[in-house]
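See structure below.
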Amino acid sequence: MKTRIPTTRRRFLSAAARAAGAGAAVSLLPAPFVLAQPAKVKVGILLPYTGTYASLGHNITDAMIMAIDEAGGTLGGRPVEYVKVDSEADPAKAANNTNKLISGEKVDFLTGPVHSGVAMAMVKIAREEGTITIVSNAGADAVTRQMCAANIFRTSFSNWQTCFPMGPEMMKRGHKKTVSITWNYAAGHEMIGAFKEGYAKAGGQVMKEILIPFPNIEFQAHLTEIASLKPDAVFTFFSGGGAVKFMKDYDASGLKKSIPLFGAGFLTDGTLEAAGAAGEGIVTTLHYAESLDNPANKRFSAAFKAKTKRPADVFAVQGYDTGQLLLHAMKAVKGDVAAKKEIMAAMRGAKLDSPRGPLTFSKSQNPVQDIYLRQVKNGDNAVIGVAAKALADPGRGCGLA
Ligand code: PHB
């Protein structure tokens, strides 16, 4: 599925757009046409709009466009054309979908995806083609490790970052033996792996790792197994529609009363309205919480709610910051998309006022960010601590200096 979102046409040609070469490109056209049509910046968006991750795709998209609209709807003085492709969170379609945007649509920038498997295929092509790419969710560690490249940026997280800090927190609460349960694909493996690494260092033991094919949501047999294993706690990564179902099933099975549930914060982000009482009490780690008390978050979450009638969540924040990063870099080059080196330099050096807190980028072009400890209280992720301050991914295997 491919959709075009028409941008508001502004009847001006800024000096910036002319400087950007738009004037040269359209100099043979009659003057009135030039006035009506400064060259557009094409932003490709590869995100899921169907399936278990659909709500994530919508929030990332809406908040990214909101950021750019708040700044007048232009990038470096030029109007924007958004070209959306539904990734269906399907790695098997990822190469084809990426090629549609890069070779077919010739987008100036590529953004997305949600799913780590889609990201691996997308980034492989984007590196070869040199398209400036901002990963706005998928945490695949390799994207900012072995696969890192000057043209690949990430405004979200690495899978490692979100889960590594949880182990010591669970040990502090006396939970020495844990069962993990997640989907059987890169994000699940890496998040559980990162959790295990931090947990083992603190003296904890993962008794059993349960893996479920993505995007299955049949949990019953696994919950029965957890009951028989009697761990001190359960650690999980699920997200979107699957997260809602897991929280509800865990609660309905009666396990929640005796075996507390912990997770990567995606479990309780964008899902609490649907989960209701089943979400209460769950402790998670994540780089955002809607309840964060800072001016950027207050402004952002109110604006997002007003625009979409939905509460802000981590996915919306990542979309918003993707928009902010595009604005920052395109302002630096006054709309000249051909000035790739300068755009990448501006992105590397960006300091964004993110709703999550101040945001900068590591050498491997992944966010350096606080990881918050959150607990669901009255339908909200309350911040109960900071599990890791200014945490950078180790960036192992990335040669960017
Ligand atoms: C991923 O596949 O990298 C992924 C998907 C959904 C999330 C987080 C990570 O909420």
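Counting starts at 1 for both ligands and their atoms, following the listed order.
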Discussion item. Main chain of Trp160, side chain of Asp141: is a donor-acceptor contact present, judged purely on distance under 3.5 Å?
Written reply: yes
Fill in: Donor-acceptor contact below 3.5 Å, side chain Asp108 vs main chain Val41
no
Discussion item. Pairs of nitrogen or oxygen atoms closer than 3.5 Å, one from Phe315 and one from ligand 1: do any exist?
Written reply: no
Fill in: Any N or O of His115 closer than 3.5 Å to N or O of ligand 1
no
Item to complete: Using a 4.0 Å heavy-atom threshold (strictly under), name the region of Phe214 that reaches ligand 1: side chain, backbone, both or neither.
Response: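 Contact part for Phe214 vs ligand 1: neither.
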Worksheet item: Hey, is Met120 touching ligand 1 through its side chain, its backbone, both or neither, going by heavy atoms under 4.0 Å?
Response: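 Neither part.
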Using a 4.0 Å cut-off to any heavy atom of [X], which atoms of ligand 1 qualify?
X      : answer
Met191 : 8 (C), 9 (C)
Phe157 : 8 (C), 9 (C)
Ala187 : 1 (C), 2 (O), 3 (O)

Closest protein heavy atom (residue, atom, distance) for [atom]:
atom                    : value
atom 10 (O) of ligand 1 : Ser239 OG, 2.7 Å
atom 2 (O) of ligand 1  : Tyr185 OH, 2.5 Å
atom 3 (O) of ligand 1  : Ser116 OG, 2.6 Å
atom 4 (C) of ligand 1  : Val114 O, 3.3 Å

Worksheet item: Does ligand 1 have an atom that lies less than 4.0 angstrom from a heavy atom of Asn137?
Response: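 Yes, Asn137 has heavy atoms under 4.0 Å from ligand 1.
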Discussion item. For Lys196, is the NZ atom crowded, meaning more than 12 foreign heavy atoms sit under 6.0 Å from it?
Written reply: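 At most 12 heavy atoms, drawn from other residues, nucleotides or ligands, come within 6.0 Å of this atom.
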Discussion item. Can you tell me how the ring of Phe195 sits relative to the ring of Tyr199, calling it parallel under 30°, perpendicular over 60° and tilted otherwise?
Written reply: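 Correct class here is parallel.
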Discussion item. Can you confirm whether Phe246 sits close enough to Leu261 that some side-chain heavy atom of one is under 4.5 Å from a side-chain heavy atom of the other?
Written reply: yes
Response to the item:
Interatomic distance, CD1@Ile68 vs CE@Met330, rounded to 0.5 Å, equals 9.5 Å
Item to complete: List the steps, then state whether side-chain hydrogen bond (donor to acceptor under 3.5 Å, both in side chains) holds for Thr285 with Tyr372.
Response: CA-CA 6 Å; Thr285 39; Tyr372 303 100; over 6 Å; no
Worksheet item: Which heavy atom in Ala346 sits nearest to a heavy atom in Ala329, and how many Å separate them?
Response: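 Heavy-atom minimum between the residues: CB-CA, 3.9 Å.
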